Amino acid sequence: MSNISMSRPTRPFVRPQIGSISLAVFGAIYLITFTNRTFFTRAYGYFDSHLALAAFALGLTCLFAAFTIAVSVKYLLKPVLILMIFSAASASWFMDSFGTVIDVDMIRNAAQTTPSEAGHLVTPTYLLHMTIFGLIPALLVCMLRVEHRNFLSKVRWNLTAIIPLVLVALACGVSSARSIASVTRLHKDLILTLNPFLPIGSAVAFTLASEADRNIVARPLGTDAKLTASPSSGKPRVLVIVTGETARAENFSLGGYGRETNPELGKRDITYFSQTSSCGTATAVSVPCMFSNLTRHGYSHRAALANENLLDVFGHAGIRTEWWDNNTGSKAVADRTSYRSFSDANDPRYCKDHECLDDGMVAELDQWLSNVTTDSVLVLHQLGSHGPAYYQRYTPEFERFTPECMTGELGICDRQAVVNTYDNSILYTDHILASVIDILKARQDKIAPSMIYMSDHGESLGENGLYLHGAPYIIAPSQQTHVPFVLWQGSEMKASVDASCLSKRAHGEASHDNLFHTALGIMAVKTSVYKPDLDVLAACRKTQGSANS
Ligand SMILES: [Zn+2]
């Protein structure tokens, strides 16, 4: 007799059974209860009346359940629930840990990020969170055997459940209409944190928009552009535009920060525009916006794609342009410009896993300048202070503020350690900018140089529980929108500007809207798309309008 025939027959695993409506209701209750901590914490703070808050919560739960019951159809219910569970689990982690809102711009930012950048966010705690709130509930849903009625009976039973739920939701809404209307109007961030509908809705909107964006061809801009004047010396004008990353004005000692974070720039002859606001709160918005002539109010992702930008206008004027990238790409700004990626090159002297220190670009600058014979514009898109792994953004000599936060998991570090680490990354950017200035200055015998530095957006470092950036502009704190803007001009370019006028202008308001026109002004490009009132130097030029009027 074989062993097999002797063994006791094993009972087959019996999958627990559940009715489709019951599973739909349990799913809805799970999602609203376990993945909406940020939403309800904020709601608790915003509602004056606990009764109104209770009505709001009950109404929402009824609507959640009505939705899941509506999709409780065979072959649909489980995939929909699993998608909602994973989306809600992931979104709730970022909302609860960093205060992040998952809107269309945030999805676009995530889609354009590099694997190494994204890798900093996939921490052990994130994986644990995903296991507890995503994987385990999803496996439970998979394991259940769902009883479905026949079609007509299902329609009847589902409607019998959905109609009262919607009526209860309506009654809750009507009973507290005034409170709910005033809270949602005053606190637009609240509804943006509702899981998982907002993240899924944003992902769908992003996918549809990306499909439509695919065939957009940029309309020509400033095709009438031409150079109006050379410097009296006849040397080629060279403008280096250093763009971003994630530096906030609040932590620049040039703007009054209590710590010395700009020891090197402070010793250079620069102009610091202390009241500068960004166009967006994320790279994917700010970078295309600042190189466009759309202004913050006229900017949209599609409009930027549909129109040429500053670099194209320079091209029309016969100026050589080049984009060096140590970030996540030019966001289509350099689509028609000579482009070089430093992170793709992955030079082991500066890079690890395609993440590179900005020194790599600076090291090549002098060589590049030695080949300049005509008017040229070079953009350096730096990695700057990109979070959350601030500790990887600088070399050991910039470990001046300690203790540091040596992880991307900012929530487990002391807040002061997060600020220390971020400030060290600002020190490093200070060094990068001063180095660019020194290299340009040393070449003044051959070129007439200038440098503009503008950060693309700021960063939250735990103020009001917020970290990182990307908050919708309407609710974004100043830490994310108040950015540093530095101008340096070589002796020849500086001589054409009234110094006291410029120093007064530097205390006034400035923004990303100024980059397009200020850069055209510096390069003496005459074009119908140039607006002198948006050029921060226009009113201070000694030879008024000689270049651009
Ligand atoms: Zn950025």
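For ligands, and for the atoms within them, numbers begin at 1 and follow the listed sequence. Keep in mind the model is a prediction, meaning the values are calculated, not measured.
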Result block: side-chain N/O donor-acceptor pairs under 3.5 angstrom for residues 466-475, not counting sequence neighbours:
| from | atom 1 | to | atom 2 | distance (Å) |
| --- | --- | --- | --- | --- |
| H469 | ND1 | E459 | OE1 | 2.7 |
| Y473 | OH | S278 | O | 2.6 |

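Proximity of the aromatic rings of Y422 and F401 is defined here by a centroid distance below 6.0 angstrom, and this criterion is not met.
Within E245, the N, O or S atom lying nearest to the Zn ion (ligand 1) carries the name OE2. The N, O or S atom of D456 lying closest to the Zn ion (ligand 1) is OD2. Minimum-distance N/O/S atom of H457 relative to the Zn ion (ligand 1): NE2.
Counting backbone and side-chain atoms alike, T283 contributes an N/O/S atom closer than 2.8 Å to the Zn ion (ligand 1).
With sequence neighbours excluded, the residues forming a side-chain contact (heavy atoms from CB on, under 4.5 Å) with K441 are Q444, W488, listed by chain and number.
Residues K352 and E355 are not paired through a salt bridge, judged by the lack of any N-O separation under 4.0 Å between the basic side chain and the carboxylate.
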